[in-house]
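Data block below; observations after.
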Amino acid sequence: MSTAEFLIVFGSCIATILICRVVPLFALKGRELSPGTQRALELIPPAAFAALVANDLFKPELFANGIGDGVMPLLAAAFVVVVAIRTKNLLACVIVGVIAYVLLMMVVS
């Protein structure tokens, strides 16, 4: 790739980032959003996090060593869901998830 091609691609990326991230900030600055829009925007971070976690929980490679190795992360995630619903505390979810996974792996091994 030549320097000119690289600069075109790099400039296009920078322009896209600016358009998608900076322009909405300036366009919405000082405006009051409707409650429905605010509620929808509040759901973006949990949805993104859930997508990342689901990507790791449902990998076919997890079941390569047997059904037990594939089910352990799902069982640990079930414990985390219960804690998340009750406490709504991210730190508690992380601690319970790690402890549940370790204990489940100790029981299976």
Side-chain angles (χ1 to χ4, degrees):
M1 179 183 294
S2 70
T3 304
E5 290 172 337
F6 172 77
L7 290 176
I8 290 171
V9 171
F10 186 72
S12 299
C13 290
I14 294 294
T16 303
I17 289 170
L18 286 175
I19 290 169
C20 293
R21 294 186 180 190
V22 176
V23 171
L25 285 174
F26 288 119
L28 297 175
K29 186 177 181 181
R31 291 187 179 182
E32 188 68 30
L33 298 175
S34 69
T37 303
Q38 287 180 346
R39 176 77 177 131
L41 291 174
E42 289 172 357
L43 295 175
I44 292 173
F49 184 72
L52 290 171
V53 170
N55 188 35
D56 288 335
L57 285 178
F58 298 109
K59 285 196 270 187
E61 302 90 43
L62 288 176
F63 295 95
N65 294 334
I67 192 84
D69 288 343
V71 172
M72 290 307 138
L74 296 173
L75 289 174
F79 286 113
V80 172
V81 167
V82 171
V83 170
I85 290 171
R86 290 186 178 212
T87 67
K88 298 189 183 337
N89 184 340
L90 181 61
L91 183 60
C93 292
V94 170
I95 291 170
V96 167
V98 169
I99 291 172
Y101 186 75
V102 167
L103 290 176
L104 287 168
M105 292 308 277
M106 288 173 50
V107 169
V108 170
S109 297

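Sequential numbering from 1 along the given sequence is applied to the chain's residues.
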Item checked: Interatomic distance, Asn89 atom CG to Ile95 atom CD1 [nearest 0.5 angstrom] -> 8.0 Å
Notebook entry, point to check: OH/Tyr101 to CG/Leu74 distance, rounded to the nearest 0.5 angstrom?
Noted result: 10.5 Å
Notebook entry, point to check: Any link between Leu90 and Val82 through a network of hydrophobic side chains (Ile, Leu, Val, Met, Phe, Trp, Tyr) touching at under 4.5 Å?
Noted result: no
Notebook entry, point to check: Can you get from Val80 to Val94 by hopping between Ile, Leu, Val, Met, Phe, Trp and Tyr side chains that sit under 4.5 Å apart?
Noted result: no
Contacts under 3.5 angstrom, residues 1-20 side chains, donor-acceptor by atom type, not counting sequence neighbours:
residue: Ser2; atom: OG; partner: Glu5; partner atom: N; Å: 3.3
residue: Glu5; atom: OE1; partner: Ser2; partner atom: N; Å: 3.2
residue: Ser12; atom: OG; partner: Ile8; partner atom: O; Å: 2.8
residue: Thr16; atom: OG1; partner: Ser12; partner atom: O; Å: 2.8

Check: Under a single-linkage definition using a 4.5 Å side-chain heavy-atom cutoff for Ile, Leu, Val, Met, Phe, Trp and Tyr, are Val71 and Phe79 assigned to the same hydrophobic cluster?
Finding: yes
Under 3.5 Å, which donor-acceptor pairs link side chains of residues 38-61 to any protein atom two or more places apart or in another chain?
none

